[in-house]
Amino acid sequence: PDFSSAIEYIESGISFLDDGHWEREYDLSLALFKNAAGVSCSRGKSNQMTKNLNQVFENVRCYEDKLDSMNVLIQSLLMDDKADAALDHSLQVLHHLGESIPNNIDNEAIQREIFDTHKRVQQISTSDIPVMRDNLKMKAMHFLDQALWSSHHQRSMLFAVVSCRMVKLTLSHGFNYYSASAMSALAFTFTAVLRKYTEGYNLGKLARALNKSSKNGDNIALVTIMVSVFKEPIQAMLPTILENYKTALKGGRMTTACTNSMCYVIRAFFSGSSLTSLNKDMVIFCRQMSRHNQIRPHLCLIPVFNAIANLSGESKNGFCDNVQGYEDNEKNLSKAFEKKDISRCDIIITIQIVENFIFRRIDLAGKIVRQYQGLLDLHGGVQMRFISIYRIFYSGLVAFHCFRVTQEQYWLDRGREAIKDLQTWTNECKWNFENKMLLLNAEYYFSVGDFDKATEGYHLSITSARNHRFVCEEAIANELGAYFQLERGRVDLSMCFMKQAIECYQSWGALKKAEILKHIIQNL
């Protein structure tokens, strides 16, 4: 879309309005100012947007006439890293539309609502669902979708309540554009809240079927970026996420485009994509985020930028003016907690754990795990995310190392909990999780002195990582195998593992880390 030309035409139209235009030319004035606000929002021009929104809010004749402008306001709040305010406004609009969402419902009641909704879905064929005709309910579905994303950022259990409401509106009033999004959110709820992965995956398939009419990847983004992780190879999802990004970008849906690019980067990083190529992609993504004032996804990518720069030795050249001052992970994290953006907190904390572990700053990694793991586990129980998988995995690796040093039971228990989670996920998707589970088992057996099983575990983990194309985790498994053999006095075998680790780190693009291991070999 050509937003620059659009705003020129709109502002030209506004310039022809004379005094008293809101009384004499109400419909024209409303159309001009609400569209001016929408285009300004898409261009990232917040001051212009606010000025135009104020014109609408101060002069509308009824609440329904301000709905489009409320939508723009909520979108801008999400862009500006203000998910809590966006959620409040969404809930206020829903109250006016007769779809009030209670915000004090207890977890047991929420679970009953989820299972009741699922039961109703199973009792009806999607082919029997008519098209939604009620204009009020159609508007409600739109703002419920807004509430979904706002609560999603905060990991609020309201997410589950909203998803159920959307599905029930679809079943009772018919199918509309957001029905696939509703089913996708319910699938996410089963996966991330209840951890019922098969039921979530099946609901995800239903969401995909409902989405065929709109052919819009936005509506099933939650299936693509989270639900399918427990059933399909992560690497296979990357092209779909990238295509969703391109489609949203082409359609001018900048918030959706930037969210998809953020999700792509995080998944590509952890699945072992080339750090050099990924760094180039991130520069492009972040420039787009800056141009359109998409602050939150930009802030989420800063710790990934930092990690790639430190692993590869490349310069940190992806920061733009609107996130200046947040290059430091600690300041970024502090602000995320202040904003109650638990998802961003999890990304920053997990990347810090990963980076410190890879660079063998285990004391610092352990400190972060002990400081934040309990808090994130609590919120993770509400809505588990893709990033949570890697926080649990790397925290487990940190825990077993710390146990071998301190013999503190806390660390052994933490490592065992990680194994339990990875074993559950391996049963769901061997491709994505087997090598991680095997490596944790190897570290556990090393920690308790069962060296034969540890030896077998390292070999199995390396083979699994190689077969499933996780080159970064193949590198880590080789490196940990090297330290295990070195501890047992087998220097030659340790060097063999270390050389394989160097090759894998180089293949990944972690050249600085590879150089560190070369120095270790020289000392050996």
Side-chain angles (χ1 to χ4, degrees), residues 266 269-276 278-279 282 301-316 318 327-330 332-333 347-373 387 390-406 411 414-415 418 436 439-440 443 446 458 461-462 465 470-484 486-487 494-495 497-524:
I266 292 172
F269 175 78
F270 281 108
S271 61
S273 294
S274 166
L275 297 182
T276 302
L278 188 56
N279 192 56
M282 287 179 68
L301 289 186
I302 284 177
V304 186
F305 247 124
N306 290 336
I308 290 178
N310 292 334
L311 287 165
S312 65
E314 296 183 13
S315 61
K316 301 177 183 179
E327 300 91 339
D328 177 70
N329 287 338
E330 288 303 321
N332 195 357
L333 179 61
I347 293 169
I348 299 168
I349 290 167
T350 300
I351 295 293
Q352 286 185 316
I353 293 171
V354 171
E355 186 180 339
N356 283 311
F357 179 80
I358 290 177
F359 282 108
R360 308 305 293 167
R361 298 188 292 260
I362 308 296
D363 288 347
L364 185 54
K367 182 180 178 181
I368 295 171
V369 171
R370 196 186 277 273
Q371 183 176 359
Y372 293 112
Q373 189 82 357
I387 197 71
Y390 288 87
R391 174 171 47 81
I392 291 169
F393 171 52
Y394 280 93
S395 294
L397 295 177
V398 170
F400 285 127
H401 178 96
C402 291
F403 174 73
R404 290 196 295 272
V405 174
T406 67
W411 292 116
R414 173 60 65 186
K436 302 171 182 62
L439 184 56
L440 284 171
E443 285 286 283
F446 179 16
Y458 289 116
S461 177
I462 291 165
F470 293 103
V471 66
C472 49
E473 290 163 10
E474 184 184 350
I476 291 168
N478 271 294
E479 183 181 0
L480 295 183
Y483 295 137
F484 166 69
L486 187 62
E487 182 76 14
S494 176
M495 288 181 65
F497 275 106
M498 197 70 78
K499 288 176 181 178
Q500 291 182 60
I502 290 170
E503 290 181 8
C504 291
Y505 279 124
Q506 289 174 331
S507 178
W508 185 28
L511 303 183
K512 188 173 180 180
K513 171 64 180 182
E515 287 299 316
I516 292 173
L517 294 189
K518 287 180 181 179
H519 287 300
I520 292 177
I521 286 181
Q522 289 174 358
N523 291 333
L524 287 176

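In this text, all values refer to a predicted model and were calculated from it rather than measured experimentally.
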*F497 and L486: side-chain contact (heavy atoms from CB on, under 4.5 Å), yes or no, with the steps?*
CA-CA 10 Å; F497 275 106; L486 187 62; over 6 Å; no

*asked:* Nearest 0.5 angstrom please: I302 CD1 to L333 CG, how far?
replied: 12.5 Å

_Shortest non-hydrogen contact from C504 toward V471_ = O-CG2, 3.6 Å

*F393 and L439, any side-chain heavy atoms less than 4.5 Å apart*: yes

*Can you find a pair of side-chain heavy atoms, one from V369 and one from W411, that are under 4.5 Å apart?*
yes

_Between L480 and F446, is there a side-chain heavy-atom distance shorter than 4.5 Å?_
no

*Do you know the tightest heavy-atom contact between A501 and A475?*
CB-O, 3.6 Å

*When you measure from the centre of the six-membered ring of F357, is the NZ or CZ of R360 under 6.0 Å away and within 45° of the axis?*
yes

*Drop me the distance from I349's CD1 to I368's CD1, to the nearest 0.5 angstrom.*
8.0 Å

*asked:* For Y458 and F484, take the angle between the two ring planes, folded into 0 to 90°, and tell me which bin it lands in: parallel under 30, tilted 30 to 60, perpendicular over 60.
replied: tilted

*Can the ring centroids of F269 and W508 be said to lie less than 6.0 angstrom from one another?*
yes

*Which pair of non-hydrogen atoms, one from R414 and one from A399, has the smallest distance, and what is that distance?*
CG-CB, 3.7 Å

*Find the distance between CZ (F305) and CG (L278) and round it off to the nearest 0.5 Å.*
8.5 Å

*Tell me, with the steps shown, if K512 and E515 meet salt bridge (charged side-chain N to carboxylate O under 4.0 Å, His left out).*
CA-CA 5 Å; K512 188 173 180 180; E515 287 299 316; over 6 Å; no

*Separation between CG of L364 and CD1 of I353, rounded to the nearest 0.5 Å*: 10.0 Å

*What distance do S494 atom OG and K499 atom NZ have between them, rounded to the nearest 0.5 Å?*
11.0 Å

*What closest approach, in Å, do P303 and I347 show between heavy atoms, and which atom pair accounts for it?*
CG-CG2, 4.2 Å

*Given Y505, which of E479, Q500, K518 fulfils the side-chain contact (heavy atoms from CB on, under 4.5 Å) condition?*
E479

_Minimum heavy-atom separation for F270 and F470, please, with both atom names._
O-CD2, 4.3 Å

*CD1/I351 to CG/N310 distance, rounded to the nearest 0.5 angstrom?*
11.5 Å

*Stepwise, does the side-chain contact (heavy atoms from CB on, under 4.5 Å) test hold for E355 with Y394?*
CA-CA 10 Å; E355 186 180 339; Y394 280 93; over 6 Å; no

*Would you please test K367 and N356 for side-chain contact (heavy atoms from CB on, under 4.5 Å) and show each step?*
CA-CA 10 Å; K367 182 180 178 181; N356 283 311; over 6 Å; no

*Given L440 and L397, is the side-chain contact (heavy atoms from CB on, under 4.5 Å) satisfied, shown in steps?*
CA-CA 6 Å; L440 284 171; L397 295 177; 3.7 Å; yes

*Check whether any side-chain N or O of N478 sits under 3.5 Å from a backbone N or O of E474 as a donor-acceptor pair, and report yes or no.*
yes

*Closest non-hydrogen atom pair, C402 against G366*: SG-CA, 4.3 Å

*Ionic contact status for R404 with E487, cut-off 4.0 Å*: no

